[in-house]
Amino acid sequence: MDAKKRCLISRDEIARRVAELAERIGRDYAGGDLVMVGVLKGVFIFMADLVRALPFPVEVDFVRLCSYGAGTATSGEVHITKDVELPLKDRDVMIVEDIVDTGLTLDFLRQHLLSHRPRSLKICCLIDKQERREVEVPLDYLGFVVEKGFLVGYGLDCGEQSRTLPEIFVLEKD
Ligand code: IMP
């Protein structure tokens with residue numbers, strides 16, 4: 001598939017926002033001991049930029065969840081295909097996610113990680129895509145709000161295509 005793409009968020013805008021998020025997190029967790037749990041695969045570029053912009057080291061872990069097939073619509077069911085490996089009990093934990101759409105994935109992951117009894121659990125999400133929200137999730141640190149559209153680039157894919165583009169694009173219907 002070779003859908004048309006329109007640039008929505010430039011490299012500079014992404015870099016500025018990531019720096020702002022890192023500064024806020026740096027202030028809020030100063031002297032803390034934070035574990036960041038990234039949601040594969042889409043988050044890998046955002047999380048790599050975010051952790052390197054933080055003023056202190058953090059521990060990182062990843063989960064892989066599956067709700068989408070190869071297309072652009074959620075199946076509505078979320079499964080864990082790779083779970084966390086670090087102990088989270090009594091730790092300050094932050095979920096790092098690329099994009100929230102229906103909210104089902106983040107809601108599921110939040111409940112799952114809460115069952116590990118962390119000291120605190122927050123969410124840092126790069127993009128809040130609001131139109132199809134079914135479950136409200138608290139987005140404590142948020143990069144951008146987008147009303148709708150299917151986005152690719154900066155880690156986000158459509159059927160594994162376009163992940164490595166440095167900007168964020170919206171796919172356009174012909
Ligand atoms: P939700 O469960 O509907 O909130 O969907 C969250 C997951 O769907 C994200 O982690 C992404 O993997 C995927 N997703 C949702 N919207 C988009 C998009 O516009 N582009 C790429 N992936 C998306």
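The shown structure was predicted, so the numbers you read here are calculated from the model rather than taken from an experiment. First listed ligand is number 1; within each ligand, the first listed atom is number 1. Values reported hereafter were calculated over all heavy atoms of this structure, with side chains retained and with hydrogens, waters and symmetry mates removed.
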Between [options], which one has a non-hydrogen atom sitting closest to [atom]?
{"atom": "atom 16 (N) of ligand 1", "options": "Glu134, Arg163, Arg133, Lys129", "value": "Lys129"}
{"atom": "atom 14 (N) of ligand 1", "options": "Leu65, Ile99, Val146", "value": "Ile99"}
{"atom": "atom 2 (O) of ligand 1", "options": "Thr105, Asp107, Leu151", "value": "Thr105"}

Residues [X], [Y]: salt bridge by 4.0 Å N-O rule:
{"X": "Glu13", "Y": "Arg16", "value": "no"}
{"X": "Arg91", "Y": "Asp33", "value": "yes"}
{"X": "Asp128", "Y": "Arg133", "value": "yes"}
{"X": "Arg119", "Y": "Asp90", "value": "no"}

Run the numbers for me: atoms of ligand 1, each under 4.0 Å from some heavy atom of [X], listed by number.
{"X": "Asp157", "answer": "21 (C)"}
{"X": "Gly149", "answer": "19 (O)"}
{"X": "Asp98", "answer": "9 (C), 10 (O)"}
{"X": "Glu97", "answer": "9 (C), 10 (O)"}

query: For Glu23, does the CD atom sit with more than 12 other heavy atoms under 6.0 Å from it, leaving out its own atoms?
result: no
Check: Gly103 N/O within less than 3.5 Å of ligand 1 N/O: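 Yes; the residue has a nitrogen or oxygen that sits under 3.5 Å from a nitrogen or oxygen of the ligand.
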- prompt: Do any N/O atoms on Val152 end up under 3.5 angstrom from N/O atoms on ligand 1?
  reply: no
field: Phe62 and Phe44, any side-chain heavy atoms less than 4.5 Å apart
entry: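 No. Closest side-chain heavy atoms not under 4.5 Å.
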query: Does a side chain donor of either Ser162 or Asp157 reach within less than 3.5 Å of an acceptor in the other side chain?
result: no
